[in-house]
Amino acid sequence: MNDVATNILEVSDLCVDYASTTSFGVTGAPSVRAVKGISLTLQRGETLSLVGESGCGKSTTGRCILYLQDPTAGTVTFRGQRIDPANAAEMRERRKQLQIIFQDPNSSLNPRMTAGQTIEEALAFHKIVPKSERSNRVRELLETVGLDDRFRNRFANEDSGGQRQRIGIARALAVDPQIIVADEAVSALDVSVQAQILQLLARLREEKGLAYLFISHQLGVVRSISDTVAVMYLGKIVEQAPTERIFERPLHPYTQALMAAAPIANPRARRERIILTGDPPSPVNPPSGCRFRTRCRYATERCAAEEPLLREIEPGHLAACHYAGEVGLGPADRRPE
Ligand code: SF4
């Protein structure tokens, strides 16, 4: 991680509600709280990963940070400042500093534009360099992401998935951002190409001090790239810690189950098998008390009655479980009476 530890992003008590409809398309059904009370910070040069099952609210959180979606409550501040979404100039400036890399480079690149036109469009829209310098800048950006100048004249369908993702990264870099939200950015790629893109992202972080919000369900990838990991379940952060600590010693039963289900590199390594049964409950009607209790093997009456707060169990290690850290590995070692 970069030495300069400066908070550039602060998210405080973020909530997002969606108005839901019935299966007949009738509105007025109870609203869905997709994100409930998320708070996090991101420092310059830091990679923070948001992990969790599909539908847990991690992409919605990313969209709010990018100002692509208005939160129902809570604040997002960038370099200490909130912005007024009604102020077009401020929004334009902020969007320049916060960029996104999508999961599917096919759908995020215009098939009618060459790579050069795609990157040049970003340079022109944000008035990054004079028109006379744009061509040189495109060449530099292609070089930065490991592509030679021949790629500028190629259309997306002529490139491989990894090459398309590199062009997507070059387009994001064109506006000189400070934060990149990478939403499942390597999930669609082969393992060897994934490794190349992850190395590229790590190099850019070192060279440019970029910060990443890395949204992923791939725990192996998350472990290789992150400084900090936040685990989300049903719209809330249930555990957050420095990467190695959360992988070595997960304290929340949900994190323990996720880790137990992830593939491990060392076939001789032994790990307790934890089966996570059932699907996550509907966010329209989440369980009382702890949201994870309907799937938690350690749930007690207290868990149904009282919602656990996200609290610091060990320095820098937060978990939202009544019993986190009580014994050994936490609830995994605990046997409720
Ligand atoms: Fe399980 Fe209870 Fe902890 Fe929730 S609070 S994770 S139900 S032990």
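Both ligands and their constituent atoms are indexed starting at 1 by order of listing. Treat the numbers as computed from the prediction; the structure is a model and nothing was measured.
Residues satisfying the side chain to side chain donor-acceptor pair (under 3.5 Å) criterion with Arg92, sequence neighbours excluded, are absent altogether.
A distance of 5.0 Å separates CD1 in Ile237 from CG in Leu40, rounded to the nearest 0.5 Å.
With contacts defined as side-chain heavy-atom distances shorter than 4.5 Å, the pair Leu142/Arg139 does not qualify. Side-chain contact check for Leu204 versus Thr144: some heavy-atom pair is nearer than 4.5 Å.
Under the 30°/60° scheme for interplanar angles, the aromatic rings of Tyr233 and Phe292 are found to stand perpendicular.
Counting backbone and side-chain atoms alike, Cys290 contributes no N/O/S atom closer than 2.8 Å to atom 3 (Fe) of ligand 1. Note on His252: not counted as a metal contact of atom 1 (Fe) of ligand 1, no N/O/S atom lying under 2.8 Å. Checking Cys303 against atom 2 (Fe) of ligand 1, an N/O/S atom falls under the 2.8 Å cut-off.
The distance from ligand 1 to the heavy atoms of Pro253 drops below 4.0 Å at these ligand atoms: 6 (S). Of all atoms in ligand 1, listed by their number and element, those nearer than 4.0 Å to a heavy atom of Cys321 are 3 (Fe), 5 (S), 6 (S), 8 (S). With ligand atoms numbered from 1 in the order given, ligand 1 contributes 7 (S) to contacts under 4.0 Å with heavy atoms of Arg293.
Judged purely by atom type and a 3.5 angstrom limit, Gln81 has no side-chain atom pairing as donor or acceptor with the backbone of Thr77.
With a heavy-atom cut-off of 4.0 Å, Tyr254 does not touch ligand 1 at all. Residue Cys296 touches ligand 1 through its side chain alone, judged by heavy-atom distances below 4.0 Å.
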